[in-house]
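Whatever order the structure lists ligands and atoms in, that order sets their numbers, starting from 1. Because the structure is predicted, anything quoted here is derived from the model rather than measured.
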Amino acid sequence: MTLEDWGWSPFFAEKYKTWGKSGYLPARVIRGEKNYFRVWSLQGELTVRFAGKVRHKAGGRADLPVVGDWVIIELQADQRGTIHALLERKSSFSRNLPGTRKGKERIEQQVIAANVDLVFIVSGLDRDFNLRRIERYLTLVSSSGADAVILLNKTDLCENPADRKTQVEAIAGNSPVHLCMARNAGELDILFSYMQPGKTIALLGSSGVGKSTILNGMLGEERQKIGAVSQSDGKGRHTTTHRELILFPEGGILMDNPGMRELHLWGEAEDLAESFSDIESLAVNCKFKDCQHKTEPGCAVTKAIEAGDLNPERLVSYHKLKSELSTLQKRR
Ligand SMILES: Nc1nc2c(ncn2[C@@H]2O[C@H](COP(=O)(O)OP(=O)(O)OP(=O)(O)O)[C@@H](O)[C@H]2O)c(=O)[nH]1
Ligand SMILES: [Mg+2]
Ligand SMILES: [Zn+2]
């Protein structure tokens, strides 16, 4: 195995330069536990902890390592080590963890995963199917710096998969959309065309959509636990509880993820330019440069809706995500 098999590239080699003389090794975080991390390094798989000063120096949660990160470790005996630093990320996904502290509302950036090249946004064609949620995931991915591919899984549970695919393609911009049935591993061939040595692909989506089933099907072994969805509401049971990188023998890395309960965006209103490029390109022709596409005269977006060229629900969704991101921006 080489570092490149795990995703090392000139980008990280450049960042590592200052550490080259230290004798410390680069390693990639493959799994996080409560008090330690599992990493890959040229010395094999190791269990590593923080050097106290690193945790201390971290400005906030966003500076602490997550799965996918490259870290600098000092090797110790018995396949153990200490993390001395986090290498700058090439890409990362964040969400907002809203909550309250001492009675006050607060916002907090939670980095979910780092250095992902491509995301398979998985959606179930059963009761899970929801175009607005797919738009939300596409916005998350566009603000992360990764590319997106949309997988519509469980074709066997849907009467009109081809129609669904057309609906999704209408909101997917340049991201490819594929139908699949993970239960039948033979149907996953198309996904291998995205795998490449050193490339990291993350599976994201709600609980129960079949992320782990897809991973097992591609790997050809029951590596991840699979859980049935609830009969009463069609939702998954959060079977996968850990984010984890899995190296494929043929090359390529897949990241299985726990299903996300809530997806509050972390990013900027500008991130919508990619996930809502249709609206943004219509907006060029609005009379007012700062048009909000609500009640302004000469609005090209509302005109497109009247003409039946744009789905009104898509504009509602755009307004909702935009206001979520603008509120966040103001409060940061
Ligand atoms: N009918 C049908 N069921 C599927 C398909 N793919 C997965 N499933 C089932 O969907 C359920 C959930 O699958 P998982 O792979 O555990 O889903 P997950 O996305 O990993 O869920 P979490 O780990 O909870 O986030 C299981 O009962 C799978 O057998 C499919 O193509 N068709
Ligand atoms: Mg799972
Ligand atoms: Zn407008």
Side-chain angles (χ1 to χ4, degrees), residues 31 67 112-113 119-130 133 137 150-159 161 164-165 178-191 202-219 221-246 254-263 272 276 278-307 309-310 312 314-316 318-319 322:
R31 185 176 162 116
V67 171
I112 305 171
V119 177
F120 286 156
I121 299 175
V122 188
S123 175
L125 285 170
D126 48 4
R127 277 189 276 174
D128 174 72
F129 186 78
N130 180 333
R133 178 150 11 83
Y137 273 102
I150 302 169
L151 306 183
L152 303 177
N153 188 34
K154 311 196 188 183
T155 47
D156 56 312
L157 298 183
C158 176
E159 278 173 13
R164 293 292 202 208
K165 184 170 178 240
H178 299 292
L179 292 170
C180 68
M181 182 180 148
R183 275 223 172 134
N184 184 356
E187 288 205 16
L188 296 173
D189 283 356
I190 179 82
L191 305 188
L203 289 151
L204 286 188
S206 318
S207 176
V209 295
K211 300 179 294 296
S212 301
T213 310
I214 290 172
L215 191 144
N216 287 350
M218 289 178 72
L219 194 62
E221 65 179 78
E222 302 303 302
R223 175 73 166 67
Q224 297 294 88
K225 211 169 124 193
I226 307 294
V229 298
S230 146
Q231 292 283 342
S232 61
D233 64 4
K235 291 195 171 133
R237 297 191 167 120
H238 295 276
T239 309
T240 305
T241 53
H242 280 80
R243 198 157 275 122
E244 190 166 355
L245 290 185
I246 291 147
L254 273 193
M255 180 191 287
D256 196 8
N257 281 281
M260 279 195 256
R261 278 170 223 267
E262 290 178 274
L263 182 53
L272 294 170
F276 286 84
D278 50 348
I279 291 183
E280 303 258 336
S281 58
L282 283 168
V284 175
N285 296 317
C286 292
K287 186 171 168 198
F288 299 108
K289 218 171 149 237
D290 60 350
C291 184
Q292 299 298 305
H293 326 308
K294 287 182 176 158
T295 52
E296 292 90 342
C299 172
V301 177
T302 46
K303 209 181 280 167
I305 289 180
E306 280 157 25
D309 295 334
L310 180 72
R314 179 136 169 100
L315 183 60
V316 171
Y318 173 83
H319 280 140
K322 187 159 186 171

Per-atom contacts, ligand 1 versus Met181 - under 4.0 Å to a heavy atom: 31 (O)

Heavy-atom proximity to atom 20 (O) of ligand 1, best of Ser212, Pro258, Ala182, Ala185: Ser212

Nearest-option assignment for atom 21 (O) of ligand 1, heavy atoms, candidates Gly259, Gly205, Gly208, Gly217: Gly208

2.8 Å cut-off met by an N, O or S atom of Thr240 to the Mg ion (ligand 2): yes

Side chain to side chain donor-acceptor pair (under 3.5 Å) partner of Asn257, chosen from His242, Arg243, Glu244: Arg243

Which of the ligand 1 atoms, numbered from 1, are nearer than 4.0 Å to a heavy atom of Thr239: 22 (P), 23 (O), 24 (O)

Ser212 near the Mg ion (ligand 2) via N/O/S, less than 2.8 Å: yes

Winner among Thr241, Leu152, Asp156, Ile214 once heavy atoms are compared against atom 1 (N) of ligand 1: Asp156

Region of Arg183 that comes within reach of ligand 1 [heavy atoms, distance under 4.0 Å]: both

Atom indices of ligand 1, in the order listed, that fall short of 4.0 Å to a heavy atom of Thr213: 6 (N), 7 (C), 13 (O), 14 (P), 15 (O), 28 (C)

Sub-4.0 Å atoms of ligand 1 with respect to non-hydrogen atoms of Gly227: 11 (C), 12 (C), 13 (O), 16 (O), 26 (C), 27 (O)

Separation of Ile121 CD1 from Ser206 OG (nearest 0.5 Å): 11.0 Å

Gly236 touching ligand 1 at heavy-atom level, < 4.0 angstrom: no

Of the N, O or S atoms in His293, the one nearest the Zn ion (ligand 3): ND1

Protein contact of atom 8 (N) of ligand 1 - nearest heavy atom, named by residue and atom, plus distance: Lys154 CE, 3.8 Å

